[in-house]
Number of protein chains: 2
Amino acid sequence: MTITIKDLAEMARVSTGTVSRVINGGPGVGEETRKRILKLIKELDYQPNASAHGLAAKRSGNIGVIIPHTGGYSMATAYWPGLLTAITERAAAQNYNVLLSTARSEEDVASAYQSILKGRRIDGLIIGAEQFGDKQLAELLLKDFPFVMVGKSVSISHYYVDVDNAGGARRMTEHLIGLGHRRIAMLAGPEHYPSVIARVGGFRQAMAAAGLDPGLVYHCPYWTLRAGEISREIIRSGIGVTAIFAAAGDLVTGVLQAAREEGLRLPEDLGVATFDDHPLYNYFAPAISAVRQPIAALGEAAAVQLFRLMHGEIPEEKGIVLPTELVIRASCGRPGLKTEAGRVAPETTS
Amino acid sequence: MTITIKDLAEMARVSTGTVSRVINGGPGVGEETRKRILKLIKELDYQPNASAHGLAAKRSGNIGVIIPHTGGYSMATAYWPGLLTAITERAAAQNYNVLLSTARSEEDVASAYQSILKGRRIDGLIIGAEQFGDKQLAELLLKDFPFVMVGKSVSISHYYVDVDNAGGARRMTEHLIGLGHRRIAMLAGPEHYPSVIARVGGFRQAMAAAGLDPGLVYHCPYWTLRAGEISREIIRSGIGVTAIFAAAGDLVTGVLQAAREEGLRLPEDLGVATFDDHPLYNYFAPAISAVRQPIAALGEAAAVQLFRLMHGEIPEEKGIVLPTELVIRASCGRPGLKTEAGRVAPETTS
DNA sequence: ATGAAAGCGCTAACAC
DNA sequence: GTGTTAGCGCTTTCAT
C-alpha cells in the first residue's frame, strides 16, 4: 500500500542504500542514477517514514516549543501566539515541524519534558515557560541538549533571546515623567521573574534619576482581577499617584477596570501605560500607550539560535537581546489636563 | 547511555516482550512481574523511544493541527490561539502531542500535508485552514485518515465542529433592529467561505423578517485596511446606514478606523457590532458588542471528536455545532440618541 | 559509484 | 505467563 525505500530501490534497480543517499542528498551517487531516483520520488510522491528515519538517524525532525498556559488566557494576548507563529514559520523553512506543549503547572512542564524530550520526539527545544524549573534546565545542560529560552533565567547560564525589559521600562517611565507625572506607580508581575525584575529596575532607575520616589512598585500575579484589586488600593491609598505603569498585558486591563470602578477619567485623573503592545490597544478609550516588543523577531531569533545549536555551532553570545519600541497613544495624558476622552461603559451579557 | 527496553529486560530478568507488554498495559503478565518492571521504570526514569515505538506500532503519538496564517495576524486574535490551547490540553490528557503547522498559502498546506501526513508523523488531523483544498480533503477521506475540520467545507462531507454562524448573526441583527436601526450593513469576509455564507444568511434572514433591506452586504478580505476603505465607502455613499455589523474580528477594526476618520461618533452616529468576541473589546470606546464563540469548547470538541475517530468509533453526527452567545456592550447604540462616549485618539509612535 | 548487511528500539505473533 | 523472533523503514559502515 504505502511505498517504501525498498520499492524505490527495486524500481530503480539499485540498492536501498543508494536511494537513501539520494534522499539525504549525500555524496557518492552517479549523476545519472540520482536523476533517475529523484524522478521516481516525484512521480510516486514518495515521503520517507518519519519514525523509521528518526529511529535510524537518531533525529526526529521536530523541535519542541513549550509555553506557559496560565488560566486559559495566555494565548489571548498577542505575545505567545506571535512567538509561536514566527517559530513555526522558521522551522518550516528548515523542514522541521513544531511540537507544541502548553504548561499550566510545574507538573505539566515535567510531564511534557518527560514525554517529549526523553522520548526523543524532538531535536531541540524552545522554552517559553518561566515555570521551567532549574533542575530540568540543569538536566538539559548536562546532557548537552540544544535549547533556547525566551527570557533569561536568573540562576543558570544558557542560550536565550530576550527583549530589553529594563530599557523599555525606563524609557516609558521617562516619558511619563516628561509629561509631568511625579508620583508614578508600577504594577509589576511576580517578583522573582527575571523579566519583572528587569522592568522594575528600569522603572526605578528612571524615577531615581529624576529625583522621584522609586518605591511605588506593587507586585501582582498575572491575573486581571487581582491587578484590579491592587490598582484600587493604590488609587484609594491617597498617596497621590497620577499614573500607573502596568508591566504586562494582563495587568493593564485590571488597572483600567479599577479606574472605571473608581470613577477616574483617563488620562486626566490617571495616566496609564503598559508593557507589551497589542494591536487592539489602539481602540481603547483612551488608546493605551505601550512598550512594544518585537515579538516576531524574537521568535525568529529563538528559532535561528536553536538551529545553530542543533548544527553544533557555538554562538559567541549566550543571549540575544532585542530593543523595544515606545508606542505613544493617548493614555498617559498630562496630569491635571482635561481631554475629551470618555469612560468605558460597563459590560452586559445576554 | 540512554536506557532501552532491552536494558530493562535484562535487569528484570525477563524478555523484552514482557517489558513491552507492561509498558503498553497489555494483558498476560504476572502481577508480581508487572510490579517489578514498573518499579524499575520509575526508578530509571525510563521513557520509550517514540520513533521506535512509532515504527513498530505504526502510531506516532502525535496529532496534527493546521491553522491559517494570514498576514502574520491570525494569532493576534483570540480565536486560533484559544482553539489551539484547548486542543493541546485535550491531547495532553490523552498522552498525545500536538504537531503544529501554520499555512500562509495553498502551497504551505500542500507541503505541510506532505511532510506531516505522508511521513506518518501524525495519527489524526485537525484542520482549521479554509485554504485546505478539496483535493487534499478528498485524499484524506479516500485513505480513511481520521480528521476533523473546524468549520464546514461546502462541497465535501466530513467530520467537523462549528459554531452556529447563522444563528449568531441573526440574533445580533435582531438586536440591532430592536434598538431601532433600520438600514444596517453587514461587512462580511470573502464570499465563498462557508462561515461567511452562513453569517450573511443569518443577517439577511433577520432583516427580511423585519421587512428591512437585506441587500446591504459588502464582502471584503480579512484585512483591516481594506475593511476600512469599504466602510468609508458605505458611510459616504449616503444610503443612510446607521449601523455596521462586521462579521469578523479583523473587519471590525477597519470599521472603527473608518468611523474615526469620517468623524462619526459611536454609537450615536454609527452603531457597530461584530462576530467573534475578544476580551479586550470591553475596553474600547465604546465597548464593542459581539457574537461570542465558545472557542475553548470548540477546540475541545474537535479534539474529542478526533480521538473518537482515531479509536475507530463512528460518531452518529458528522458535525457538532455549538451555540454562540450575544455579548451586548455599548457600541450598538440607538440611532439618534446621544451618549457620553468619546472618539478614539490617533496613534503616535516613537 | 554501488551493494550487502547490521543495526536503530520496539511490537506482535507464535511458541512453549 | 513468558520467551523468541521476525519484522517496521531507514541509515550507515564496510566491501567491492
Side-chain angles (χ1 to χ4, degrees), chain A residues 1-38 40-41 44-62 95 114-123, chain B residues 1-38 40-41 44-62 95 114-123:
Chain A
M1 174 77 224
T2 51
I3 162 164
T4 75
I5 207 175
K6 207 172 145 198
D7 302 325
L8 286 179
E10 282 175 13
M11 304 179 76
R13 312 208 141 285
V14 294
S15 72
T16 62
T18 302
V19 177
S20 177
R21 277 170 212 128
V22 170
I23 290 171
N24 298 294
V29 183
E31 196 49 43
E32 202 268 321
T33 336
R34 159 163 275 130
K35 276 204 175 123
R36 182 155 38 98
I37 296 176
L38 247 24
L40 223 40
I41 290 178
L44 299 179
D45 208 23
Y46 165 78
Q47 194 74 20
N49 179 308
S51 292
H53 176 101
L55 180 55
K58 299 174 184 331
R59 308 185 314 102
S60 67
N62 299 144
N95 287 315
Q114 279 290 347
S115 139
I116 275 187
L117 211 142
K118 302 207 67 188
R120 274 157 229 84
R121 290 171 187 279
I122 58 172
D123 306 326
Chain B
M1 175 76 223
T2 51
I3 161 166
T4 74
I5 209 177
K6 209 172 146 198
D7 302 325
L8 284 178
E10 282 175 13
M11 303 180 75
R13 313 207 141 285
V14 295
S15 72
T16 61
T18 302
V19 177
S20 177
R21 277 172 213 127
V22 170
I23 290 170
N24 298 297
V29 183
E31 196 48 43
E32 202 267 321
T33 335
R34 160 164 272 129
K35 277 204 175 124
R36 185 154 37 98
I37 296 175
L38 247 23
L40 222 41
I41 290 178
L44 300 180
D45 206 23
Y46 166 77
Q47 194 74 18
N49 179 307
S51 292
H53 175 100
L55 180 56
K58 299 175 186 327
R59 308 184 314 101
S60 67
N62 300 143
N95 287 317
Q114 278 291 346
S115 140
I116 275 187
L117 211 142
K118 300 208 67 189
R120 271 155 230 85
R121 290 172 187 277
I122 59 173
D123 306 327

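Leu40(A) and Leu8(A) make their closest contact through CD2-O, 4.0 Å (heavy atoms, listed as atom of the first residue, atom of the second, distance).
Distances from the side chain of Thr4(A) to the nucleotides dG9(D), dC10(C), dT2(C) place dG9(D) closest.
Regarding contacts with the backbone of dC10(D), a side-chain N or O of Tyr46(A) is found under 4.0 angstrom from either OP1 or OP2. Residue His53(B) places none of its side-chain N or O atoms closer than 4.0 Å to OP1 or OP2 of dG9(C).
Atom NZ in Lys58(A) sits about 14 Å away from atom C1' in dG9(D), given to the nearest Å. For the pair Leu8(B) CG and dC10(C) P, the computed distance is 8 Å after rounding to whole Å. Across the protein-nucleic acid pair, Glu10(A) atom CD and dT2(C) atom C1' stand 17 Å apart, rounded to whole Å. For the pair Ile3(A) CD1 and dG9(D) C1', the interatomic distance rounds to 12 Å; values are reported in whole Å. Atoms CD1 (Ile5(B)) and C1' (dC8(D)) sit 14 Å apart, rounded to a whole Å. Atom CG of Asn49(A) is separated from atom P of dG9(C) by 17 Å (rounded to the nearest Å). The separation between Leu55(A) atom CG and dG7(D) atom P is 17 Å, rounded to whole Å. To the nearest angstrom, P of dC10(C) lies 14 Å from CZ of Arg59(B).
The closest donor-acceptor contact from the side chain of Arg121(A) to the backbone of Ser60(B) lies under 3.5 Å. A donor-acceptor pair is defined here as one N or O able to donate and one able to accept, closer than 3.5 Å; such a pair exists between the side chain of Lys118(B) and the backbone of Asp45(A). Although no hydrogens or angles enter the test, the distance criterion places a donor-acceptor pair under 3.5 Å between the side chain of Arg36(A) and the main chain of Ala12(A).
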Determine all donor-acceptor pairs shorter than 3.5 Å in which one atom belongs to a side chain in residues 18-30 of chain A; sequence neighbours excluded.
residue  : atom : partner  : partner atom : Å
Thr18(A) : OG1  : Ser15(A) : OG           : 3.4
Ser20(A) : OG   : Asn24(A) : ND2          : 3.4
Asn24(A) : ND2  : Ser20(A) : O            : 2.9

Quick test: give all pairs of protein nitrogen or oxygen and nucleotides 12-16 of chain D nitrogen or oxygen below 3.5 Å, distance rounded to 0.1 Å.
residue : atom : partner  : partner atom : Å
dT13(D) : O4   : Arg21(A) : NH2          : 3.4

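For the pair Ala52(B) and Ser15(B), both in contact range of DNA chain D, the more 5′-proximal nearest nucleotide belongs to Ser15(B). Remark on DNA chain D: of its neighbouring residues Arg36(B) and Thr2(A), the 5'-side contact belongs to Arg36(B), judged by nearest-heavy-atom nucleotide.
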Evaluate side-chain contact (heavy atoms from CB on, under 4.5 Å) for Gln47(A) paired with Ser115(B), printing each intermediate quantity in order.
CA-CA 7 Å; Gln47(A) 194 74 20; Ser115(B) 140; 4.1 Å; yes
Applying side-chain contact (heavy atoms from CB on, under 4.5 Å) to Lys58(B) and Asp123(B), what does each step give before you reach the verdict?
CA-CA 9 Å; Lys58(B) 299 175 186 327; Asp123(B) 306 327; over 6 Å; no
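Here the side chains of Tyr46(B) and Ile5(B) are in contact, with some heavy-atom distance below 4.5 Å. In this structure, the side chains of Asn49(A) and Thr4(A) stay at 4.5 Å or more apart for every pair of heavy atoms. The shortest distance between side-chain heavy atoms of His53(A) and Arg59(A) falls below 4.5 Å.
A rotation axis mapping the C1' atoms of four pairs onto the next four is fitted at both ends of the helix from dA1(C)-dT16(D) to dC16(C)-dG1(D) over five pairs, and the angle between these axes is 30° to 10 degrees.
Nucleic acid contact for Arg13(A): sugar-phosphate only, since backbone atoms but no base atoms lie under 4.0 Å from a heavy atom of the residue. Residue contacts shown for Thr33(B) are limited to sugar-phosphate atoms, with no base heavy atom under 4.0 Å away. Among the atoms of the strands shown, only primed sugar atoms or phosphate atoms (P, OP1, OP2) are found under 4.0 Å from some heavy atom of Gly30(A).
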